[in-house]
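Below, read A as the first sequence line, B as the second, and so on, with proteins coming before strands; counting in each chain starts at 1.
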Protein chains: 2
Amino acid sequence: MDQTNGSITTSRLPPQRVTIAQLADKLGLTKGTVSRALNGYPDIADATRLRVQRQAERMGYRPLTQAQAIRTGRTRALGLVLQSDIPGGQRPFLSDFLAGISSTASEQSWTLTFATASSGPEMLGTLERLVHERKADGFILPRTLRHDPRADLLRQLDVPFVLYGRVADPEGCAWFDILGEDAIRQAVLRMAGHGHRRIAFVNGGAVYNFSALREDGFRQGMAEAALAVDESLMLEGAMTRQSGAAATSRLLTMPLPPTGIVFATDAAALGAYDAAETLGLEVGQDVSVISYDGIPEGAWARPPLTTFNVDSRAAGQRLAGLLIRRIEGAAPEALRETAQAFLKIGGSDGPPRHAPEALAARIQS
Amino acid sequence: MDQTNGSITTSRLPPQRVTIAQLADKLGLTKGTVSRALNGYPDIADATRLRVQRQAERMGYRPLTQAQAIRTGRTRALGLVLQSDIPGGQRPFLSDFLAGISSTASEQSWTLTFATASSGPEMLGTLERLVHERKADGFILPRTLRHDPRADLLRQLDVPFVLYGRVADPEGCAWFDILGEDAIRQAVLRMAGHGHRRIAFVNGGAVYNFSALREDGFRQGMAEAALAVDESLMLEGAMTRQSGAAATSRLLTMPLPPTGIVFATDAAALGAYDAAETLGLEVGQDVSVISYDGIPEGAWARPPLTTFNVDSRAAGQRLAGLLIRRIEGAAPEALRETAQAFLKIGGSDGPPRHAPEALAARIQS
DNA sequence: ACCCTTGCCGAAACCGGTTTCGGAGCCGAT
DNA sequence: ATCGGCTCCGAAACCGGTTTCGGCAAGGGT
């Protein structure tokens, strides 16, 4: 930065922090008065407050959050703890998600304290540690579970948090969520529009709340398309490429296989390509696939995956904003937002090439 | 809020922090003495020190880093600032990398302060802000540039840092790095071992220090294989799938195309698949590809990418460990480590199917 | 027996803020 | 003229630690 001024490299005065005492001196006031002026106490004359604010600005005064924290308990730090051992982890979108969170955070001069936990129990321990050490004033909890022990813990500790995803028991919970059920519903309608009558659904893990929602979306889509749901075509628990492949080959080797498959997650949908290849089928021709997430790998698959794209960066931004407001005292009920996922058309879906019977015959051979 | 104390779920006493004053009381000592005992001052009797340590343990005393920080300036927080706008960003390995850093950090009860910057200058501003606000005691700097302004800044501010990657001017720098030049050298030898004589190299951006090293590795490998380097087969600046594809098709449409291509990064190598497809060629048969990074997408490509795998998690762990030691006062010269990347054999390389001339003919048609 | 170290701890200042408390000054009302 | 109520700010305690300073007692040397 400052290698400009001065002689060669060195006249850089040690970046002196300006303290509240210096500021008070300059103003001919006491520390206490300055502090109250800056923090909006009502017992300060408007003229004085203005004078203080101006001078603070001019001197570049920034209160040291550490010092504030020991009295107020607030650090101006958001907390995020990821579980590093989950299979279909939030790998791909992590970068965007983090960028979203930290961009909004730094705009309002908050920071992000990040940690990982390698298991569920360790997750709770880590949260408690961060709270106890006051390393975060509140938390963003991604990958909401139907019954989420993290939310229970934080509610009990009376620590603010915001969920990325809704939850079964909304009591005291703020959240941001993408309406995945809508997306899945539209996926079904699109399949039906292509002419598919026999459509399967490969869901994610049942512990996650989004799974229940997306299943609802699937059923509703089927109902709107006037198609009956064949329960044998409803699978769940696939959130990795491997398990997605397994689910796909199980579906395709049924006596009457589906011609279209809707996946709750892209990771699983990528497995369909493997299963199809093994069976000598072509995705987008012999079997149609529509999915949800919008991970980059989907665009690189051949043919590219048709999927509902989630804007992870925007999600991070919204979540950070909500959490800050929550920490500053807003009621959780007032902090609930949702957004839509948008269809990104690839080549993995289209009209069915064969009827289910013909497809079965083709697979047998 | 206060749905806590009362009757049902609630015998949880508010997680009272135990302060140094309470501890001192219990011991019949003063705060000052306890503090000195715990921080290893020499003017404390061994017996007393032991007694204090035991009692601290028993009462679960953990000093509040915020409070320590206002006197000592140390927060026990590592800083990491990522640049969110770089094209071939560290997307895929980010998750593992972060998990590595934060696992080592929390083992030693440090935390990780994370931020992103959307441009080079903003990066420097963010670093300065975090230093000024004392949100981090030191930084991990990934993606080392040949001449890295981040390192310059932090050196000037006298703030500890560790580079992920070596640097042209090592003065005062600690680092961890993978010996990418070794990997590239081995890649060349492997190509030569398959029988390739005409081998191209697609390097990353010249601003990165690793590019110079990997080019050295390539040339050394060629020398060891007794092959002459054709300078027209040396390309650089490809760190995305798109630019990798462009580089590949430029190479393959030359009058005398290479039969094997070594890439400095996986992201670029994935582009080779696209270029090959466009030209009607098969990767691993018509043209061989070996690369470096070990990103997951490589394993999912068809055929899977042969690449030198980097253990990002381990790298994160090493870097965190080095930085902590650096912050605690170790000399930077003593904190320089390297590790190897390991070959992960896929199907993207093999003996050349055609001689360069035949390949050219095939491509013309 | 005296003095001088040395070992060990208490007392108090300090870090940079926040928050409570009380009182000075000004106003209008009685 | 006296009183009460407000407005506004200073003084000082406080938060949870660290660090400096000084002094008491025991030990060693002469």
Gap between atoms CG and C1', on A:Leu64 and C:dG16 respectively (whole Å): 7 Å
Between D:dG10 (P) and A:Leu27 (CG): distance, integer Å: 10 Å
Whole-Å distance separating the CD1 atom of B:Ile20 from the C1' atom of C:dG10: 14 Å
Greater than 12 external heavy atoms within 6.0 Å of B:Asp169's CG: yes
Whole-Å gap separating P (D:dG16) and CE (B:Met59): 13 Å
Phosphate OP1/OP2 of D:dG17: any A:Arg71 side-chain N/O under 4.0 Å: no
A:Tyr41, nearest nucleotide to its side chain (from C:dT20, D:dC9, C:dC8): C:dT20
Rounded interatomic separation in angstrom, taking CG from A:Asp25 and C1' from D:dC9: 16 Å
Sugar-phosphate only, base, or nothing, as touched by A:Ser35 at under 4.0 Å among non-hydrogen atoms: base
Check: D:dG10 base within 3.5 Å donor-acceptor of A:Arg36 side chain: yes
Sugar-phosphate only, base, or nothing, as touched by A:Thr33 at under 4.0 Å among non-hydrogen atoms: base
Worked verdict on A:Asp25 versus A:Gln22 for side chain to side chain contact (heavy atoms under 4.5 Å, CB included): CA-CA 5 Å; A:Asp25 264 14; A:Gln22 295 168 13; 5.5 Å; no
Phosphate OP1/OP2 of D:dG17 contacted by B:Gln68 side-chain N/O (<4.0 Å): no
Whole angstrom value for the distance that separates C1' of C:dG17 from CZ of B:Arg134: 12 Å
Interatomic distance, B:Asp43 CG vs D:dG22 C1' [rounded to whole Å]: 12 Å
Pair A:Thr33, A:Arg36: side-chain N/O donor-acceptor within cut-off below 3.5 Å: yes
Whether B:Gln66 side chain and A:Arg134 backbone form a donor-acceptor pair below 3.5 Å: yes
A:Arg51 side-chain N/O to D:dC8 phosphate OP1/OP2 under 4.0 Å: no
Phosphate OP1/OP2 of C:dC15: any A:Thr19 side-chain N/O under 4.0 Å: no
Separation of D:dT18 P from B:Leu38 CG (nearest whole Å): 8 Å
Closest to the A:Ile70 side chain, choosing from C:dT18, D:dG10, D:dC15: D:dC15
Sugar-phosphate, base or nothing in reach of A:Thr72, heavy atoms under 4.0 Å: sugar-phosphate
Which residues share a side-chain hydrogen bond (donor to acceptor under 3.5 Å, both in side chains) with B:Ser312, sequence neighbours left out: none
Given DNA chain C, 5'-ward residue of the pair A:Lys31 and B:Pro42, judged by closest heavy atom: B:Pro42
